[in-house]
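First up is the structure itself, then whatever we jot down about it.
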Amino acid sequence: MSEIRLQVNNLCKSFGITKAVQNVSFTIRKGEVHALIGENGSGKSTLTNMLTGIYSIDSGTFILDGEEIHPKNQVDANDHGVSIIVQELGTLSGLTVAENIFLGHEDRFVHYGIKNTKQMIKEANELLKQYGFERIKAQRMIDDYNFEDRKLVEIVKATYFDPKIVVIDETTTALSQEGRNELYKVMDRIRSNGNTVIFISHDLQEVLERSDTITVLRDGVYIDTVKSSEVTENDLKKLMVGREVTGEYYRSDYGTTISDEVVLSVKNVTVPGLIKDVNFELHKGEILGFGGLSESGMHEIGKAIFGASYDREGSVTLADGTAINDIPTAIRSSIAYTSKDRDNESVVMNQSIKDNICLPSLDELADKKHMLHDKTLKDFANKFAKEMSVKMVNVDQFVADLSGGNKQKVVLARWIGKDSDIVVLDSPTRGIDIKVKQDIYQLMDRMRKEGKSIIMISEELMELIGMCDRIIIMKDGMISGQIERKETLDENNLITMMV
């Protein structure tokens, strides 16, 4: 058996009255991919954030290669040989790619008080080439690149110095299949070098395929550690939830007739450099899916419909002739939108759960004198936070203090509360645990039956196949094909249109 790399001993962390991690102890070995799983709010990210210096430790210890460590911040953790690729964006705007890669370690390029920027860029470009990411240029601003490319830069940043432990926190959910394959190669290389990956993912099939050992947490408490080769998805679900997960997952209906009523018409929509001449119609009570590879343009579709693409050309029109050219018009016209980039575009991090849920519904919540009352706002926020099972202290808690999955629940609670007729969901189950995924799918099905119309943009092919009446595939910014819902549809049918 391989040597012990990390011992987690009686670890505890609380946020106010919320006990996020309670007396957790387990062992991680050298040369393994050790998965950490559990439902949203189970303590996975809190634990790894303590290991990587993002959070302080209340009590307990980390023993790395026989030495107790207490990282003060991420740079200090790096110096101990521990790094992290976080779930949301971990790069800083306003800096170059090279400055992001070497953030906190710039001193290696400083001689006699002068930074050798040319050498930094040269070394960063060499690293990007080694990883196969040479299309990303070290000298360019990080803001020139999309969400996925910025995650690839984070992979380089977190692994180039050959750390003993690399934490990968829900990173695969932010990547297309191409990006995932690149990350898997990096994970294999870390393992073959005798180092360790702590892998956090809600995709249980991915966990079983990619990890050697799995530790399960539930409500901040250690449940069990198992060998990946000795368990099934259902075994893991039971450990995570504490009981069998039953009931429908994806939709079970086929051959359902879609209404002829068109609620949204998109004609000749172009966003320079991203999408070109996109045309489609959305019908009442339809779930319309968009899929494709990372650079396909599918994520821009949602922004274009919601009026969030400032340089959009072409038209987005409702059945009554209303043109959607900006966000306020979209919201007034009962259109909702959730972005893939949750922290930057879907929630206000330094505001409360209450403020976030109530934000688009303030006009409806005001009294006849246009006044807002705290009790009304609280009751409204509580109702929809509970409907989405948000794990929270109360609705006054800041969204920034929630786990990634619970932030996503707040985003969805906001638009359920708004009761929008057209809902655009970009990667709605990213970073969501298996039980809440099921809840979201059932919610979508219920909305469809109520006559709501949904556009779901997703890199999860099985999600599109399982939930959509029709799937449009994007390639190189254009529609490359579409396919109707049917029982025999599989991932290969979609992939042939993507590549």
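In this chain, residues are counted from 1 in sequence order. This is a predicted model, so every value here is computed, not measured.
Across every non-hydrogen atom of I335 and F306, the tightest pair is O-CE1, 3.4 Å. Heavy-atom minimum distance, S334 versus D421: OG-N, 2.8 Å. In this structure, D149 and N146 approach most closely via the heavy-atom pair N-OD1, 2.8 Å. Listed here is the closest heavy atom pair of H299 and S427: CE1-OG, 3.8 Å. Across M120 and F109, no two heavy atoms sit closer than the pair CA-CE2, 3.6 Å.
Between E154 atom CD and I168 atom CD1 the span is 11.5 Å, to the nearest 0.5 Å.
Screening L372, I357, D355 against L377 for a side chain to side chain contact (heavy atoms under 4.5 Å, CB included) leaves a single residue, L372. Partner H34 forms a side-chain hydrogen bond (donor to acceptor under 3.5 Å, both in side chains) with one of D212, T215, T225 and no other, that one being T215.
Under a 3.5 Å cut-off, the side chain of Y145 and the backbone N or O of K137 do form a donor-acceptor pair. In this structure, Q205 contributes its side chain and D203 its backbone to no donor-acceptor pair below 3.5 Å.
Looking at F62 and L11, their side chains come closer than 4.5 Å, going by heavy atoms from C-beta outward. No side-chain heavy atom of V167 sits less than 4.5 Å from a side-chain heavy atom of F199.
Atom NZ of K164 has more than 12 neighbouring heavy atoms from other residues, nucleotides or ligands inside a 6.0 Å radius.
Centroid-to-centroid, the aromatic rings of Y160 and Y131 stay 6.0 Å apart or farther. Aromatic pair Y55/F15: ring centres closer than 6.0 Å.
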